[in-house]
Amino acid sequence: MSGRVKLVLATRNAKKVPEMQAVLAAAGVEADVVGLDAYPQAPEVAETEPTFTGNALLKARAVAAHTGLPAVADDSGLRVDALNGMPGVLSARWSGRFGDATGDKDLANLHLVLDQLADTPDGRRGAEFVAAAALVVPGGVETAVEGVMRGRIIRERRGGNGFGYDPVFVPEGETRTTAEMEPEEKNAISHRGKAFRALAEEIRELG
Ligand code: IMP
C-alpha cells in the first residue's frame, strides 16, 4: 500500500502535534497528524498503569476506539537512580496536592526531587528520561516503543527552555541542561524524539 496516513495524536498539548509531524517528515513518512482538539468528545483516560508503555497503550486504545483512526499516544517521565527509579510514572504528580496549591506544579515537582537528593553526592546523581510511544490501529496492530535519555540531576536550576525537570537535567556527554538547549537540539537526543522516530517506522507500514 502507499498513500498519506491519517493519525490522531492522543494529546491536548498543541506543541506535540507539530513535533510528531516534523519527526515523521524527517523520516520521509507522509502523514496528516491531528490532535485531540479535533475530537473534543474524546474520553479523558486516567494513567492507571504502572509502566509508561502501559499508559501509552491505554491512551492510544481509547482514542483509536473513539475516532476509528490509527492513534498514537505517549507517556513519559523521569527515573532517578538514587530514588530507585522514582518519580517514574508519577513524575507529573510527584508533589501531589502540595504542588497543586503552589500554582506551579512542575516547579514544585522539580524542587521536591532536588530536596530528596540534597545529600546525594555528585557521583550518584544519575537519572534518565523515558518516553513510551504507542500506535494502535482500530481492529489491527498495537505497537509500543520506548526511548531513553541518560543524564544526571544537578543541584540548581539552569535555563529557560523546555518544561518539567529540564532545568536540572544534564544529558550524558553534555554540560548544558536540556532547558539550555534549543528544542531541535533536545529532540535530536531526547527520549521522546527517540520513541517517536522508532514509531515512525511502524507508521510507515500503514501507508
Ligand atoms: P506525561 O505528560 O504524562 O507524559 O508526564 C510527563 C511528566 O514527566 C512531565 O510532567 C514532566 O514532569 C516529566 N517529563 C517528561 N518528559 C520530560 C522532558 O522532556 N523534560 C522535562 N520533564 C519531562
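Numbering of ligands and ligand atoms starts at 1, following listing order. The first residue of the sequence shown is numbered 1, and numbering continues consecutively from there.
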Could you find the nearest protein heavy atom to atom 16 (N) of ligand 1 and give me its residue, atom name and distance? His191 NE2, 3.0 Å
Please write down residue, atom name and distance for the protein heavy atom closest to atom 21 (C) of ligand 1. Phe163 O, 3.0 Å
Where is the nearest protein heavy atom to atom 22 (N) of ligand 1: which residue, which atom, and how far? Tyr165 N, 3.2 Å
Show me which atoms of ligand 1 lie under 4.0 Å from any heavy atom of Glu47. 3 (O)
What protein heavy atom lies closest to atom 6 (C) of ligand 1? Include the residue and the distance to one decimal. Ser76 O, 3.1 Å
Can you give me the closest heavy-atom contact between Thr67 and Val8, atom names plus distance? OG1-CG2, 3.9 Å
Taking only Lys NZ, Arg NE, NH1 and NH2, and the carboxylate oxygens of Asp or Glu, determine whether Glu172 and Arg152 approach each other closer than 4.0 Å. no
Check: Glu174 and Phe169 side chains under 4.5 Å, non-hydrogen atoms: no
Identity and distance of the protein heavy atom lying nearest atom 20 (N) of ligand 1: Asp166 OD1, 2.9 Å
How does Phe129 reach ligand 1, by side chain, by backbone, by both or by neither, if only non-hydrogen atoms under 4.0 Å count? side chain
protein heavy-atom neighbour closest to atom 1 (P) of ligand 1 works out as Asp75 OD1, 3.9 Å
Look at atom 10 (O) of ligand 1 and say which protein heavy atom is nearest, naming residue and atom and giving the distance to 0.1 Å. Ala92 CB, 3.4 Å
Would you call the rings of Tyr165 and Phe129 parallel, tilted or perpendicular, where under 30° means parallel and over 60° means perpendicular? tilted
Name the closest protein heavy atom to atom 2 (O) of ligand 1, giving the residue it belongs to and the distance to 0.1 Å. Lys16 NZ, 4.5 Å
Got a salt bridge between Asp81 and Arg150, using NZ or NE/NH1/NH2 to carboxylate O under 4.0 Å? yes
Is any side-chain N of the basic residue among Lys16 and Asp74 closer than 4.0 Å to the acidic one's carboxylate O? yes
Does Asn109 reach ligand 1, in the sense of a heavy atom lying below 4.0 Å from it? no
Pairing of Glu44 and Arg12 as salt bridge, 4.0 angstrom limit: yes
Within a radius of less than 6.0 Å around CG of Asn84, do more than 12 heavy atoms belonging to other residues, nucleotides or ligands occur? no
Which ligand 1 atoms are under 4.0 Å away from a heavy-atom of Lys186? 18 (C), 19 (O), 20 (N)
Check each atom of ligand 1 against the heavy atoms of Gly164 and keep those under 4.0 Å away; list them by number with element. 21 (C), 22 (N)
